[in-house]
Amino acid sequence: MVEGLRLPRTRRAAEAALDRLVRENRFTISVFFPLNGAVLLVASAMGWLPDPLAFNAFLILLGTVVMRSPLIVGVLPLFTRRAVVGVGALTAYAYVIEYTGITTGWPYGWFYYGIDLGPTVAGVPIGLPVFFIPLVMNAYLLCLLLLGSRAQNTVVRLVAVILTVLAMDVVLDPGAVALGFWEYYRLGEGATLFYGVPLSNYAGWVVSATIAVLALDWAFDRTALLTRLDSTEFMLDDLVSFVILWGGINAWFGNWVPVVVAGLFGIGLLKTDRFDSRLLRIPRRFPWQS
């Protein structure tokens, strides 16, 4: 072991160490990674990158995990047995509904993956929960902050989060289709498309968002979530990454409605006082530089 370097011996010590790691690298995680991700993904889609850099599955998964890290680290102390059960059930649902989607066309419409997103089981990427669950969790946390005391009303809370998740997919899916991540087919004559995405996809997301929001609402204590949000300034930085990455990708491809919706999420972050403008300031040196 390196002299002076000690691994945390308790869960609380490990959580504190992870908090420091994310806090000290906020610019790298929430700005540098999504900006570079947008450039690499667009360059891959345009054919400007050679193999194996173009749509490299390892880089896609690594970048996603890094951008998700503020949310993961922020929520980690709140994982009770109940939360583990809830998130575990939601993970199982994500795999099942994705498999159902690619084999039956329900509930999103017929689609297939256009690029390699890493190892798969029965055609479903193993990393799927990393893509899906944080979207819902970010929407849930944002709504808790924006709604304030109105979040105590179960109907208001759940409907607001479901609509927010749907709005996030309005940003995500057109960008993903433009990149070639996945493609819809068997659309039928006269099918209505939104930037290449059939409306059936959004109907399917209402179903999945409802189930996911109910699962998270059951799994986590809202008071504990709000307390953690108050003390953890970086907890919604993953949403900052989302705005930069998918807003930028949609702008490149001229998907202006998704760009506007991404901008609204940025305004929401400003309204909650969770967007630190200092994140956009390029540091003189990175933390790993002495």
Side-chain angles (χ1 to χ4, degrees), residues 10-26 29-30 67-91 93 129-130 132-169 171 208-243 261-262 264-279:
T10 66
R11 173 177 171 174
R12 181 169 295 182
E15 290 167 353
L18 289 171
D19 278 3
R20 288 194 299 272
L21 180 64
V22 171
R23 187 171 284 114
E24 292 171 0
N25 293 277
R26 291 185 70 191
I29 294 170
S30 302
M67 288 185 289
R68 297 289 193 243
S69 61
L71 177 65
I72 295 171
V73 171
V75 174
L76 193 60
L78 306 176
F79 262 84
T80 61
R81 292 180 181 178
R82 185 182 180 108
V84 170
V85 171
V87 174
L90 187 53
T91 298
Y93 168 80
V130 179
F132 171 64
I133 296 177
L135 289 178
V136 184
M137 195 70 192
N138 278 322
Y140 191 86
L141 296 177
L142 182 64
C143 286
L144 286 185
L145 290 174
L146 290 175
L147 290 172
S149 61
R150 289 171 293 179
Q152 298 299 320
N153 185 303
T154 301
V155 174
V156 171
R157 180 176 68 255
L158 297 183
V159 169
V161 179
I162 291 167
L163 292 176
T164 302
V165 173
L166 188 60
M168 294 183 80
D169 192 57
V171 178
S208 290
T210 300
I211 293 172
V213 170
L214 288 172
L216 293 178
D217 200 56
W218 176 85
F220 291 96
D221 180 275
R222 287 191 303 281
T223 301
L225 276 173
L226 286 170
T227 300
R228 178 67 170 159
L229 275 167
D230 285 340
S231 62
T232 312
E233 72 283 1
F234 59 75
M235 202 163 168
L236 277 175
D237 279 4
D238 182 30
L239 195 49
V240 176
S241 297
F242 177 86
V243 171
V261 176
L264 292 176
F265 277 105
I267 293 172
L269 287 167
L270 287 171
K271 188 173 178 61
T272 61
D273 199 25
R274 290 288 153 162
F275 181 82
D276 188 347
S277 61
R278 289 174 295 179
L279 282 179

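The figures that follow rest on heavy atoms only: side chains count, while hydrogens, waters and symmetry mates do not.
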Decide yes or no for [X] and [Y]: does some side-chain heavy atom of the first lie under 4.5 Å from some side-chain heavy atom of the second?
| X | Y | value |
| --- | --- | --- |
| I29 | F234 | no |
| V165 | L135 | no |
| F132 | M137 | no |
| F220 | V87 | yes |

Say you draw a straight line from [atom1] of [X] to [atom2] of [Y]; how long is it, rounded to the nearest 0.5 Å?
| X | Y | atom1 | atom2 | result |
| --- | --- | --- | --- | --- |
| I211 | L214 | CD1 | CG | 8.0 Å |
| L142 | L147 | CG | CG | 9.0 Å |
| R68 | D238 | CZ | CG | 4.5 Å |
| N25 | S69 | CG | OG | 8.5 Å |
| L144 | L226 | CG | CG | 5.0 Å |

**Message:** Under a 3.5 Å threshold, yes or no: a donor from one side chain and an acceptor from the other, between Y93 and S208?
**Reply:** yes
Look at the side chain of [X] and the backbone N and O of [Y], then say whether any donor-acceptor pair between them is shorter than 3.5 Å.
| X | Y | answer |
| --- | --- | --- |
| D221 | A224 | yes |
| N138 | P134 | yes |
| T232 | M235 | no |

**Message:** Out of the candidates L141, L239, L146, only one should pair with T272 under the side-chain contact (heavy atoms from CB on, under 4.5 Å) rule; please name it.
**Reply:** L146
**Item:** Residue of the set V213, D217, I162 for which side-chain contact (heavy atoms from CB on, under 4.5 Å) holds with R157
**Value:** D217
Closest heavy-atom contact between [X] and [Y]?
| X | Y | result |
| --- | --- | --- |
| V243 | G266 | CG2-N, 3.9 Å |
| A219 | G86 | CB-CA, 3.9 Å |
| S241 | S30 | OG-CA, 3.3 Å |
| A139 | T164 | CB-CG2, 3.6 Å |

**Item:** Working for side chain to side chain contact (heavy atoms under 4.5 Å, CB included), residues V22 and D237
**Value:** CA-CA 10 Å; V22 171; D237 279 4; 5.5 Å; no
**Request:** For D19, check salt bridge (charged side-chain N to carboxylate O under 4.0 Å, His left out) against everything at least two apart and list the hits.
**Result:** R228
**Request:** Would you please name every residue forming a salt bridge (charged side-chain N to carboxylate O under 4.0 Å, His left out) with R150, sequence neighbours left out?
**Result:** none
**Request:** Report the relative orientation of the aromatic rings in F242 and F265; use parallel for angles under 30°, tilted for 30 to 60°, perpendicular for over 60°.
**Result:** perpendicular
Between side-chain atoms of residues 71-81 and protein atoms elsewhere (two or more places apart, or another chain), which donor-acceptor pairs fall under 3.5 Å?
residue	atom	partner	partner atom	Å
T80	OG1	R82	N	3.4
T80	OG1	A83	N	3.3

